[in-house]
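Per chain, numbering begins at 1; letters A, B, ... match sequence-line order. Heavy-atom basis, side chains included; hydrogens, waters and symmetry copies ignored. Please read all numbers here as calculations on a predicted model, not as lab measurements.
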Amino acid sequence: MPELPEVEVTRRLIAPLLIGRRIRAVHTTRPSYFFLTPPAQLRRALVGRTVGALERHGKYLLASLDDASRLLLHLGMTGQLFSSVVSSPRLLSSTARASLTPEAQRGFVPDAHTHLRLELDGGGPDVVFRDVRKFGKVLLLAPGSSDPRLDKLGPDALAVTAEQLARAARRRAGPVKSFLLDQAVLAGVGNIYADEALFLAGVRPLRGANRVRPGEWARLADSVRKVLERSIETGGSSISDYIRPDGADGGYQDERRVYGREGEPCSACGARIVRVVIATRSSCYCPRCQR
DNA sequence: CGTTACACCTGAGGGC
DNA sequence: TGCCCTCAGGTGTAAC
């Protein structure tokens, strides 16, 4: 679920809970697909560490620790990173929520999907990482080491230029939609914001990337930045699982022009929004506004 | 090298 | 009500 705006909003709200804090205790679930670093090793390595900075690279978060190691986090499709003092209806199924006491409903209660919980010195709330589908990832990077997942990322989508996009697209005959989703080309755009940026730029998602003209790359680069910045301002898109770290919903889902709006009238021209499948990802566009 | 198909995992919602 | 199918904001890998 989370794309660049959701990860950036998460970073801004989680940073004050983590930075300068010493990790007092670490709670995890059993080993799984989710843990690139085995949970037992993770617990040993993290306890006693103090967090320096919390940075974002595309959709990845990177926490630097006082022993020069770094903790790499990815939210996958259903990952949620939040403060333990929140209570949000998105965090529990209705049946699970109904079984809690009123006191428990006011704070977060760890469940089987709560894969990582950091207790911090200083009396603040815990930092919780919950992920139902476990497509999210946790990886501890030893001092001085990196990871291919980070190294292969293209320029951050908030800073990408038309020239960078046009150059990267030269040998790319596939759909421009797939091109925008390629994290090695630009880092941070996912299915929602690719569709939204293509709409704003007036470009059809199925057009070959190498058949997009220079003027259109300029509009696309602007549209990508505009859409992402506006989403960050509104707190991101809360469509199914995403919540802000403080438990509130984002607001960008109400500003979508095409994503998830198949069959609805285009907000610009009234034509019916169309849905096609491109490389297994559903893609919505306006057949009149986008060429 | 570029591109596609599929796997990874769980839950919600629609159709019958 | 229950079952079965499809779909979901991502990404790594194998295969062409």
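- Within the 4.0 angstrom heavy-atom criterion, only backbone atoms of the sugar-phosphate kind lie near A:R171; the bases stay farther away.
- Residues A:T280 and A:G174 both approach DNA chain B. Their nearest nucleotides, taken by heavy-atom distance, put A:G174 toward the 5′ side.
- Comparing A:S178 and A:F135 by the nucleotide of DNA chain B whose heavy atom lies nearest to each, the residue mapping closer to the 5' end is A:S178.
- A:Y259 comes within 4.0 angstrom of the backbone, heavy atoms only, and of no base.
- Using a 4.0 Å cut-off, some side-chain N or O of A:H74 falls inside it from OP1 or OP2 of C:dT11.
- One P atom belongs to B:dC9, the other to C:dC3, and the distance between them is 24 Å to the nearest Å.
- Counting non-hydrogen atoms under 4.0 angstrom, A:K137 reaches nothing in the nucleic acid.
- When the side-chain nitrogen and oxygen atoms of A:K59 are compared with OP1 and OP2 of C:dT11, one or more of them lie within a distance under 4.0 Å.
- Across all strands, A:Y60 comes closer than 4.0 Å only to sugar-phosphate atoms, never to a base (heavy-atom distances).
- Among the protein residues, A:R275 comes within range of the sugar-phosphate backbone only, with heavy atoms under 4.0 Å from sugar or phosphate atoms but none that close to a base.
- When the side-chain nitrogen and oxygen atoms of A:S282 are compared with OP1 and OP2 of C:dA8, one or more of them lie within a distance under 4.0 Å.
- Between A:F34 and A:F129, the ring-plane angle classifies as perpendicular under the 30° and 60° cut-offs.
- For C:dC7, the paired nucleotide is B:dG11, the pair qualifying as Watson-Crick or G-U wobble because both relevant distances are below 3.5 Å.
- B:dC9 has no stacking from A:Y33 on its base ring, since the centres under 5.5 angstrom apart and planes within 30 degrees of parallel are not both found.
- To the nearest angstrom, C1' of C:dT13 lies 11 Å from CZ of A:R149.
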Might you work through the side-chain hydrogen bond (donor to acceptor under 3.5 Å, both in side chains) test for A:Q290 and A:R204, ending with a clear yes or no? CA-CA 5 Å; A:Q290 295 174 255; A:R204 259 191 219 212; over 6 Å; no

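- Atom name P, nucleotides B:dA5 and C:dC7: the rounded distance is 15 Å, in whole Å.
- Across A:V160, A:L181, A:L153, a single residue satisfies side chain to side chain contact (heavy atoms under 4.5 Å, CB included) together with A:L186, and that is A:V160.
- Contact between the side-chain N/O atoms of A:R133 and the OP1/OP2 oxygens of B:dG11 is not found at any separation under 4.0 Å.
- You'll find the ring centres of A:F82 and A:F108 inside the 6.0 Å limit.
- Neither side chain, A:S237 nor A:Y242, offers a donor N or O lying under 3.5 Å from an acceptor on the other.
- Distances from the side chain of A:R172 to the nucleotides B:dG2, C:dG10, B:dG11 place B:dG2 closest.
- For C:dG12, one of the phosphate oxygens OP1 or OP2 lies less than 4.0 angstrom from a side-chain nitrogen or oxygen of A:K152.
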